[in-house]
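To keep things clear, I will list the structure first and then write my remarks on it.
Basis for what follows: all heavy atoms, side chains included, without hydrogens, waters or symmetry-related copies. Computed from a prediction, not measured in an experiment: that's the story for all the values here.
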Amino acid sequence: VKYVNWVFEKSNERQSNRPKLVARPEASLFSNKPDHIVVYDDATSLPVLNVEVKKENKKVFEAPKVDGQLLNYIMMGKLTSGSYGFGILTTFNRSKVVWINNSGCDELAQTK
């Protein structure tokens, strides 16, 4: 999380018109290290991105329970901020980005 926040700081230095983002680890019930990181808009404290970290596994990217977990995180963002955000599933070797169709994220996801 420390390095993610460092990247956000450097990005904010170059483009001050963007919202300041801050990453925070969320508590895990089953591990002594965080496996869920939430990126917040620092000004509003609203979540914009959820990152779920999993151990490398052949089936982790096709597992319905993991997809459901990301969906729950995105829906919690909708409840707290009024808008949908993105979800990222990563093993650090592979990643996938997910979002709700027709949620306003489609256009942003297509930008380069």
Side-chain angles (χ1 to χ4, degrees):
V1 173
K2 177 173 73 172
Y3 299 108
V4 173
N5 282 321
W6 179 83
V7 169
F8 289 152
E9 285 175 23
K10 294 301 176 191
S11 175
N12 287 331
E13 288 173 6
R14 286 192 264 160
Q15 297 186 352
S16 60
N17 60 334
R18 290 189 174 174
K20 183 179 177 193
L21 301 176
V22 178
R24 297 183 194 135
E26 295 295 320
S28 175
L29 297 174
F30 307 106
S31 175
N32 60 355
K33 61 183 190 294
D35 63 350
H36 177 217
I37 300 167
V38 181
V39 177
Y40 294 91
D41 178 334
D42 195 39
T44 63
S45 296
L46 297 175
V48 293
L49 175 69
N50 291 281
V51 181
E52 179 65 24
V53 181
K54 295 288 189 189
K55 291 181 182 177
E56 189 67 40
N57 179 320
K58 291 180 182 179
K59 297 182 181 180
V60 71
F61 287 93
E62 290 81 32
K65 287 185 178 182
V66 175
D67 288 340
Q69 189 176 15
L70 280 173
L71 177 62
N72 286 341
Y73 294 148
I74 292 171
M75 296 307 290
M76 283 191 294
K78 172 67 173 166
L79 291 173
T80 58
S81 70
S83 63
Y84 297 103
F86 289 92
I88 295 178
L89 171 62
T90 184
T91 62
F92 295 116
N93 291 319
R94 289 178 39 193
S95 298
K96 78 174 179 180
V97 179
V98 298
W99 63 92
I100 304 293
N101 286 338
N102 302 319
S103 64
C105 295
D106 295 340
E107 185 177 327
L108 182 60
Q110 294 175 9
T111 61
K112 293 182 180 181

With hydrophobic residues grouped by side-chain heavy-atom distances under 4.5 Å, do Tyr73 and Val60 end up in a single group?
yes

Is the shortest side-chain heavy-atom distance between Val48 and Tyr40 below 4.5 Å?
no

Side-chain heavy atoms nearer than 4.5 Å, only ILVMFWY residues, links allowed to pass through others: does that put Leu21 and Phe86 together?
yes

Gln69 vs Lys54 side-chain heavy atoms within contact, under 4.5 Å:
yes

When you measure from the side chain of Lys96 to the backbone of Phe61, do you find a donor-acceptor pair of N or O atoms at a distance under 3.5 Å?
yes

Please tell me whether Met75 and Val66 are part of a single hydrophobic cluster in this structure, the criterion being side-chain heavy atoms less than 4.5 Å apart.
yes

CG-CD1 distance between Leu49 and Ile74, expressed to the nearest 0.5 angstrom:
9.0 Å

So, taking the atom named CD1 in Ile37 and the one named OG1 in Thr90, what distance separates them when rounded to the nearest 0.5 Å?
9.0 Å

Could you give the distance from CD (Glu52) to CG (Leu89), rounded to the nearest 0.5 Å?
7.0 Å

Could you state the interatomic distance from CG (Asn57) to OG1 (Thr91), rounded to the nearest 0.5 Å?
9.5 Å

Hydrophobic cluster membership, Val38 vs Val98, 4.5 Å side-chain cutoff
no

Are Asn50 and Ile88 close enough that some pair of their side-chain heavy atoms sits under 4.5 Å apart?
no

